[in-house]
Amino acid sequence: MASGSEDERRQAIFATVMAIPPGRVCSYGEVARLSQQPGLARFVGRILGEVDGLPWHRVVRAGGQIAFAQETKKYHEQVRRLVEEGVEVANGRVQDWKQRFWQGY
DNA sequence: TCTATGACGATTC
DNA sequence: CGAATCGCCATAG
């Protein structure tokens with residue numbers, strides 16, 4: 001199951017990311033799982049970079065860390081957006097990692 | 001056709 | 001806790 005055309009898979013990932021509510025975060029791997037495509041975390045990252053209009057800032061690594069290097073511009077932008085939504089970020093990672101999107105992870 | 005490379009992840013040491 | 005490895009998929013060269 002999970003195997004469909006690459007476009008269908010993209011759609012599923014798109015829908016999952018769009019469903020993440022403000023103030024909450026989700027990991028790449030979890031987005032993949034919720035999209036019925038376990039193991040395709042890397043694929044998720046690529047989609048976030050290609051498609052615009054997605055709340056990409058709400059997607060972080062499995063440990064709650066920002067996926068960008070701290071000296072990059074994107075890193076700062078992501079942190080800024082998260083903080084604006086009330087998500088605590090410090091030292092490159094989301095502090096209250098309990099504010100994850102979907103429970104049961 | 002093969003290799004290297006990513007906005008990743010889990011495991012192992 | 002950090003570094004090394006291997007797995008995953010699509011792309012670029």
Side-chain angles (χ1 to χ4, degrees):
Chain A
M1 20 189 217
S3 302
S5 66
E6 59 186 78
D7 196 58
E8 291 180 290
R9 296 157 71 183
R10 264 181 33 184
Q11 258 188 75
I13 292 173
F14 180 89
T16 301
V17 176
M18 286 302 284
I20 305 175
R24 290 291 188 83
V25 293
C26 189
S27 74
Y28 293 86
E30 191 172 3
V31 168
R33 283 192 293 270
L34 293 173
S35 302
Q36 309 275 300
Q37 305 172 61
L40 304 193
R42 277 190 120 121
F43 189 66
V44 173
R46 194 153 59 71
I47 301 304
L48 291 181
E50 296 176 8
V51 186
D52 5 284
L54 284 172
W56 58 270
H57 58 287
R58 296 179 195 146
V59 184
V60 297
R61 286 188 181 168
Q65 308 175 313
I66 304 298
F68 299 104
Q70 301 195 15
E71 57 268 14
T72 66
K73 192 152 192 171
K74 289 187 182 160
Y75 166 83
H76 293 295
E77 184 181 347
Q78 180 164 23
V79 173
R80 192 189 69 241
R81 293 197 185 191
L82 287 175
V83 172
E84 279 181 42
E85 297 183 350
V87 179
E88 289 182 63
V89 183
N91 197 17
R93 70 176 201 178
V94 175
Q95 294 303 291
D96 193 350
W97 185 233
K98 293 176 182 175
Q99 292 184 122
R100 292 187 313 252
F101 170 39
W102 206 254
Q103 301 296 323
Y105 173 22

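Below, chains carry the letters A, B, ... as their sequence lines are ordered, and counting in each starts from 1.
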(request) Would you please test Gln65(A) and Val60(A) for side chain to side chain contact (heavy atoms under 4.5 Å, CB included) and show each step? (result) CA-CA 6 Å; Gln65(A) 308 175 313; Val60(A) 297; over 6 Å; no
Are there any protein N/O atoms within less than 3.5 Å of an N/O atom in nucleotides 1-4 of chain B, and if so, which ones and at what distance?
none

Are there any protein N/O atoms within less than 3.5 Å of an N/O atom in nucleotides 9-13 of chain C, and if so, which ones and at what distance?
from    : atom 1 : to       : atom 2 : distance (Å)
dC9(C)  : O3'    : Arg9(A)  : NH2    : 3.4
dA10(C) : OP1    : Arg9(A)  : NH1    : 2.8
dA10(C) : O4'    : Arg46(A) : NH2    : 2.9
dA10(C) : O3'    : Arg46(A) : NH2    : 3.0

(message) Checking the side chain of Gln78(A) only, and the main-chain atoms of His57(A) only, is there a donor and an acceptor separated by less than 3.5 Å?
(response) yes
(request) Keeping to residues at least two apart or across chains, list the salt bridge (Lys or Arg N to Asp or Glu O under 4.0 Å) pairs with something in residues 47-59 of chain A. (result) Arg46(A)-Glu50(A), Arg58(A)-Glu85(A)
(request) Please state how far atom OH in Tyr28(A) lies from atom P in dA10(B), giving the value in whole angstrom units. (result) 14 Å
(message) Under the rule for side-chain contact (heavy atoms from CB on, under 4.5 Å), what residues qualify as partners of Gln70(A), not counting sequence neighbours?
(response) Tyr75(A), Asn91(A)
(message) Salt bridge or not between Glu84(A) and Arg80(A)? Use side-chain N to carboxylate O under 4.0 Å.
(response) yes
(message) By the salt bridge (Lys or Arg N to Asp or Glu O under 4.0 Å) test, which pairs, at least two apart or in different chains, include something from residues 66-78 of chain A?
(response) Glu77(A)-Arg81(A)
(request) Please list residues of residues 67-85 of chain A whose heavy atoms come under 4.0 Å from any atom in DNA chain B, ordered by number; otherwise none. (result) Ala67(A), Phe68(A)
(request) Output yes when a side-chain donor or acceptor of Gln37(A) lies under 3.5 Å from a complementary backbone atom of Arg9(A), and no otherwise. (result) yes
(message) Can a donor-acceptor pair be found, under 3.5 Å and without considering hydrogens, that links the side chain of Glu88(A) to the backbone of Asp96(A)?
(response) no
(request) Starting from the C-alpha separation in whole Å, work towards a yes-or-no answer on side chain to side chain contact (heavy atoms under 4.5 Å, CB included) for Val17(A) and Trp56(A). (result) CA-CA 7 Å; Val17(A) 176; Trp56(A) 58 270; 6.0 Å; no
(request) Please answer whether the main-chain N or O of Arg100(A) pairs with a side-chain N or O of Arg24(A) as donor and acceptor at a distance below 3.5 Å. (result) yes
(request) Could you tell me the separation between the CD1 atom of Ile66(A) and the C1' atom of dG9(B), rounded to a whole number of Å? (result) 17 Å
